[in-house]
Number of protein chains: 2
Amino acid sequence: MAVKLGKGVLRMHNKNEFMEQLRQRGYKLTKQRQAILGVLMDLEKPLATAQHIFEKVVEINPGINFSTVYRNLDVLEQEGIVRKIAFDQGAAYYELIDGKHHHHLICKSCGKVQCVEYCPLRDMPMKEGFVPTDHSFEVFGFCKECMQAKLMDDERRKGKE
Amino acid sequence: MAVKLGKGVLRMHNKNEFMEQLRQRGYKLTKQRQAILGVLMDLEKPLATAQHIFEKVVEINPGINFSTVYRNLDVLEQEGIVRKIAFDQGAAYYELIDGKHHHHLICKSCGKVQCVEYCPLRDMPMKEGFVPTDHSFEVFGFCKECMQAKLMDDERRKGKE
DNA sequence: TTGTGTGCAAAGACTTTGCAGGCCG
DNA sequence: CGGCCTGCAAAGTCTTTGCACACAA
């Protein structure tokens, strides 16, 4: 069932499977919903804001409203199809729950997001009696490229002193 | 320098140390700033929203404005005195960076927050070249008490069927 | 046909900002 | 006394909601 895409990306589901899941749970298969799902599955980056998703969906389905996007992202989150991530106070990010569970390395300089399969819940000694259901884990810093640029910049600045 | 409080809590700094740190960095020691710092050090729970902090500060310093609280929480964050945490899309939480580095277990039922000293950055295999500077790690679930209540509730419901 | 879903507009929650005057150092 | 800080009010950003109509089943 898993589909092999370019660059070794594994896609566990296709759009029809998700639509079927929604249908079975009593949701209607509107064209807006299909467009949103389509966009989520085609995202080139792992994370996208509602704004970003909206802009893409508009191309497929002109006239769609922002609140429709929000409402459906909510539905997809309830159904376990999408994960919502909030860092800083800006807009929330969304990503399809598809393939392996993972977390993110986010570059504070260029914004690049890398996925890592390591999950801290594996190693963490759980406090007695606490039953975890969800967790957030995101690492911010500088990616290889930006770190190198930064070092060169520091070097240059040092020379000027 | 560390001060031992009740229940084994270790406080690494006192208010004067923080004020001194601010002074040295060129900040003025206004009564608003002192009140905010005082409130942060006296919080009974590990995390507090700006709203919560504001309400406490008003008791000490009536007439203080909400934007002053926000502006100073920003300053304290810049200075590494306070950490800002955002989960869900609601208000951000703040906590004093004092004592050991830690993360949180948050009960989705009663809202209780427990601190855990485990930090995932210790065990995580870092992607080559990435230099981490910050990270978020919060675990949501049910605390012992709420889990038990939940189980009893499920049991009761089962009986009614 | 029925009621879930949508578009529209408005409100809501949280946070930030511009400006005139106040207070710390 | 100078400039950082504050209070106030307004605006900004992101998200949610109420309502009438539309469309999937």
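Every chain is numbered from 1 and lettered A, B, ... according to where its sequence line falls, protein lines coming before strand lines. The basis for the numbers below is simple: all heavy atoms, side chains too, and nothing from hydrogens, waters or symmetry mates. All values reported here derive from a predicted model rather than from experimental measurement.
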Grab the CZ-C1' distance between A:Arg71 and D:dC19 for me, whole Å please.
10 Å
Are A:Phe87 and A:Leu47 side-chain neighbours, meaning at least one heavy-atom pair lies under 4.5 Å?
yes
Are B:Ile85 and B:Glu138 close enough that some pair of their side-chain heavy atoms sits under 4.5 Å apart?
yes
Take a 6.0 Å sphere around OH of A:Tyr93 and say whether it holds more than 12 heavy atoms from other residues, nucleotides or ligands.
no
Less than 4.5 Å apart, side chain to side chain, heavy atoms only: is that true for B:Met41 and B:Leu96?
yes
Residue pair B:Val116 / B:Val139, side-chain heavy-atom distance below 4.5 Å
no
Of all pairs that satisfy side-chain hydrogen bond (donor to acceptor under 3.5 Å, both in side chains), the ones with a partner from residues 53-62 of chain B, not counting sequence neighbours:
B:Gln51-B:Glu55
Between protein and nucleic acid, restricted to nucleotides 14-16 of chain D and to nitrogen or oxygen atoms under 3.5 Å apart, what atom pairs and distances do you find?
unit_1, atom_1, unit_2, atom_2, d
D:dT15, OP1, A:Ala92, N, 2.9
D:dT15, OP2, A:Tyr70, OH, 2.2
D:dT15, O5', A:Tyr70, OH, 3.2

Kindly say whether B:Glu79 contributes a backbone atom to a donor-acceptor pair with the side chain of B:Gln21 at under 3.5 angstrom?
yes
Can you say whether the rings of B:His102 and B:His104 are parallel (under 30°), tilted (30 to 60°) or perpendicular (over 60°)?
perpendicular
Identify each donor-acceptor pair in which a side-chain atom of residues 120-127 of chain B lies under 3.5 Å from a protein atom, sequence neighbours left out, and give them as a table.
unit_1, atom_1, unit_2, atom_2, d
B:Asp123, OD2, B:Tyr118, OH, 2.6
B:Lys127, NZ, A:Cys115, O, 3.0

Give B:Arg33 one of three labels, base, sugar-phosphate or nothing, depending on what nucleic acid heavy atoms sit under 4.0 Å from its own.
sugar-phosphate
Considering only heavy atoms from C-beta outward, does the side chain of A:Tyr27 approach that of A:Val75 to under 4.5 Å?
yes
Flag for B:His135-A:His103: side-chain donor and acceptor within less than 3.5 Å
no
Which parts of residues 75-83 of chain A get close to DNA chain C, meaning a heavy atom less than 4.0 angstrom away?
none
Check the interface with nucleotides 20-25 of chain D: list each N/O to N/O pair with the protein under 3.5 Å, or write none.
unit_1, atom_1, unit_2, atom_2, d
D:dA24, N3, A:Lys28, NZ, 3.2
D:dA25, OP1, A:Leu29, N, 3.2

Please check if the number of heavy atoms outside B:Lys15 that lie under 6.0 Å from its NZ is greater than 12.
yes
Quick check on side chain to side chain contact (heavy atoms under 4.5 Å, CB included): which of A:Met147, A:Lys150, A:Lys144 does B:Val131 satisfy it with?
A:Met147
Of all nucleotides in DNA chain C with an atom under 4.0 Å from a non-hydrogen atom of chain A, which is the first and which the last going 5' to 3'?
C:dG3 to C:dT15
